[in-house]
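Remarks on the structure that follows.
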Amino acid sequence: MAVQVWFLGTGDAFGSGGRDMAAYLIASRAGTYLVDCAPTVLPALKRHGLSAEPIDAVLLSHLHGDHFGGVPFLLLEYTYERPRYRPLAIAGPAGTAARLRQLCRVLYGEELLDHAPFRIDYFDLEPGRALRIAGATVRPFAVPHQRERLSLGLRVEVEGRRIAYSGDAGWCEELVAESQGADLLICECSFFHTRVPTHIDYRQIASQRHRFGCRQLVLTHVGREVLERQAEIGERVATDGMCIAL
């Protein structure tokens with residue numbers, strides 16, 4: 001079995017073009033990993049004939065709603081619809097456990113986490129500190145996206161394959177460094193021409209493309225500008241439900 005990367009949600013926070021929000025499933029013999037977990041994750045999994053059951057770990061790049069707001073719904077699935085009894089790893093920036101408990105309380109007015117019939121193992125992701133999580137090596141790196149809170153890009157290594165993911169990020173040299181030797185770079189491209197410090201636009205990617213050292217580059221987290229001018233884009237633009245075998 002090759003390592004498979006499923007693009008469950010490739011849109012921005014506005015659901016531009018009717019796309020689902022950020023979620024990527026890495027499936028391998030060593031384990032299955034959900035990279036970011038948007039509120040649309042359960043419908044996306046079921047729409048594409050995939051099960052949440054094999055997921056061993058949820059890896060969160062940052063704690064914005066369109067990237068982690070689906071975790072409570074995943075926990076609901078595991079608690080009531082498809083009961084889970086083996087542990088689930090959840091890894092994210094420091095404070096993830098507290099933010100998740102707060103979110104569950106806001107959404108359901110009760111301690112949803114207390115009803116789960118399975119153990120949740122939390123891991124704090126820190127830039128430059130590699131962690132072994134559920135059979136994969138996760139290497140976080142800092143990216144510019146939020147002023148006060150930490151946002152991360154992630155490099156996931158499993159079964160000899162390397163997948164780099166920008167998360168939400170403004171342009172930074174870390175993306176070039178982490179692309180070196182990667183089998184796949186999943187890079188956000190929120191805008192085509194609008195320049196902001198917290199997101200990447202296509203003009204930046206096009207001007208720096210020759211510096212990336214990845215075997216494949218796929219653009220995601222696409223916004224309205226990108227969809228309107230997709231015919232002018234030379235790189236592969238992800239679509240919901242797309243699967244790449246590495």
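Heavy atoms only: backbone and side chains are in, while hydrogens, waters and symmetry mates are out. Sequential numbering from 1 along the given sequence is applied to the chain's residues.
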- Message: Could you check whether any side-chain heavy atom of Tyr80 comes within less than 4.5 Å of a side-chain heavy atom of Leu75, counting everything from C-beta outward?
- Response: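 When only atoms from C-beta onward are counted, Leu75 and Tyr80 do not touch, as no gap falls below 4.5 Å.
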Residues [X], [Y]: salt bridge by 4.0 Å N-O rule:
X: Arg195; Y: Asp201; result: yes
X: Arg161; Y: Glu157; result: no
X: Glu53; Y: Arg84; result: no
X: Arg86; Y: Asp56; result: yes
X: Arg203; Y: Glu232; result: no

Donor-acceptor pair, [X] side chain versus [Y] backbone, under 3.5 Å?
X: Arg162; Y: Val156; value: no
X: Gln180; Y: Arg211; value: yes
X: Glu225; Y: Phe192; value: yes
X: Asp240; Y: Asp20; value: yes
X: Ser166; Y: Ala169; value: no

- For the pair His221 and His199, name the ring-plane relationship: parallel under 30°, tilted 30 to 60°, perpendicular over 60°.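 Answer is parallel, since the angle falls under 30°.
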- Query: Hey, would you say the Tyr24 and Tyr165 ring centroids sit under 6.0 Å apart?
  - Reply: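 Close enough - the centres of the two rings lie under 6.0 Å apart.
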- Could you walk me through whether Arg19 and Thr10 pass the side chain to side chain donor-acceptor pair (under 3.5 Å) test, one step at a time? CA-CA 6 Å; Arg19 291 175 175 234; Thr10 60; 2.7 Å; yes
